[in-house]
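Because the structure is a prediction, the values reported are computed rather than measured. Note that these values count all heavy atoms, side chains included, but never hydrogens, waters or copies made by symmetry. Counting from 1, the numbers follow the sequence of the chain as shown.
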Amino acid sequence: MKVRAQMKGDFADIKILMSHPMETGQRKDPKTNQTIPAVFIQQFTVEVGGKVVVQSETGTSISTNPVFGFKVKGAKAGDKVVVKWQDNKGDSRTDEATVA
């Protein structure tokens, strides 16, 4: 996962690239003609300076390696940004960045 957070005026501009295959469960493997099982990010949270600023539930409509971006008012340079996700198979990941 790549997380970038930069101050722009009085808000933090945060961009997140989540590396994940995001299968819908509707495609078939062309070699075996078997359905590829669904695997997708089911929920993610973003904390800035210890406060949850995004809490989301997602589904199969999100693209492979999704990118999310948003602005957070009240953040300041040096605040820690913590991004966590969990997929429907139970895999999870946590990454951190600092607001520059």
Side-chain angles (χ1 to χ4, degrees):
M1 188 164 21
K2 294 182 182 179
V3 181
R4 186 188 75 177
Q6 295 181 313
M7 289 303 298
K8 293 194 176 178
D10 62 343
F11 61 87
D13 185 30
I14 300 173
K15 302 227 186 302
I16 303 164
L17 167 63
M18 297 180 181
S19 298
H20 196 278
M22 303 294 280
E23 281 293 341
T24 65
Q26 297 178 359
R27 291 186 327 123
K28 290 189 177 193
D29 183 322
K31 293 179 183 172
T32 64
N33 204 32
Q34 297 293 313
T35 302
I36 299 169
V39 59
F40 55 93
I41 294 173
Q42 202 166 32
Q43 50 187 271
F44 75 93
T45 60
V46 180
E47 296 177 9
V48 177
K51 296 179 183 176
V52 174
V53 296
V54 174
Q55 188 169 7
S56 177
E57 292 185 13
T58 59
T60 59
S61 64
I62 304 296
S63 70
T64 298
N65 301 325
V67 176
F68 296 96
F70 47 91
K71 298 173 184 349
V72 177
K73 193 165 185 144
K76 60 187 179 306
D79 280 351
K80 185 168 36 171
V81 178
V82 179
V83 181
K84 301 176 185 179
W85 62 253
Q86 182 174 355
D87 69 16
N88 65 313
K89 300 287 186 182
D91 289 334
S92 62
R93 181 160 178 173
T94 301
D95 282 279
E96 298 179 3
T98 302
V99 177

key: T64 side chain to P21 backbone, donor-acceptor under 3.5 Å   = yes
ask   = Can you check side chain to side chain contact (heavy atoms under 4.5 Å, CB included) on K84 and T94, steps first, answer last?
value = CA-CA 4 Å; K84 301 176 185 179; T94 301; 3.5 Å; yes
key: K51, NZ atom: more than 12 neighbouring heavy atoms under 6.0 Å   = no
ask   = Taking only residues two or more places apart in sequence or in another chain, which ones pass side-chain hydrogen bond (donor to acceptor under 3.5 Å, both in side chains) with N88?
value = none
remark   = Applying side-chain hydrogen bond (donor to acceptor under 3.5 Å, both in side chains) to Q6 and not counting sequence neighbours gives none
ask   = Can you find a heavy atom in the side chain of S19 that is under 4.5 Å from one in the side chain of K2?
value = no
query = Any idea which heavy atoms bring A75 and A12 closest together, and the distance?
reply = CB-CB, 3.7 Å
ask   = Side chains of E96 and K80: closer than 4.5 Å at any heavy-atom pair?
value = yes
Residue pair N65 / H20, side-chain donor-acceptor N/O under 3.5 Å = no
message = Apply the hydrophobic cluster definition, ILVMFWY joined by side-chain contacts under 4.5 Å directly or through others, and give me every member besides M1.
response = V3, M7, I14, I16, M18, M22, F40, I41, F44, V46, V48, V53, V54, I62, F68, F70, V72, V81, V83, W85, V99
note = The side-chain hydrogen bond (donor to acceptor under 3.5 Å, both in side chains) partners of D95 (sequence neighbours excluded) come to R93
ask   = What pairs meet the salt bridge (Lys or Arg N to Asp or Glu O under 4.0 Å) rule with one or both residues in residues 23-39, with sequence neighbours excluded?
value = E23-R27
inquiry  = Between R4 and K15, is the side chain to side chain contact (heavy atoms under 4.5 Å, CB included) condition met? List the steps.
reply    = CA-CA 5 Å; R4 186 188 75 177; K15 302 227 186 302; 3.5 Å; yes
query = In Å, rounded to the nearest 0.5 Å, how long is the span from CD of Q43 to OG1 of T58?
reply = 8.5 Å
query = By the rule that ILVMFWY residues connect when side-chain heavy atoms come within less than 4.5 angstrom, directly or transitively, which residues belong alongside V52?
reply = none
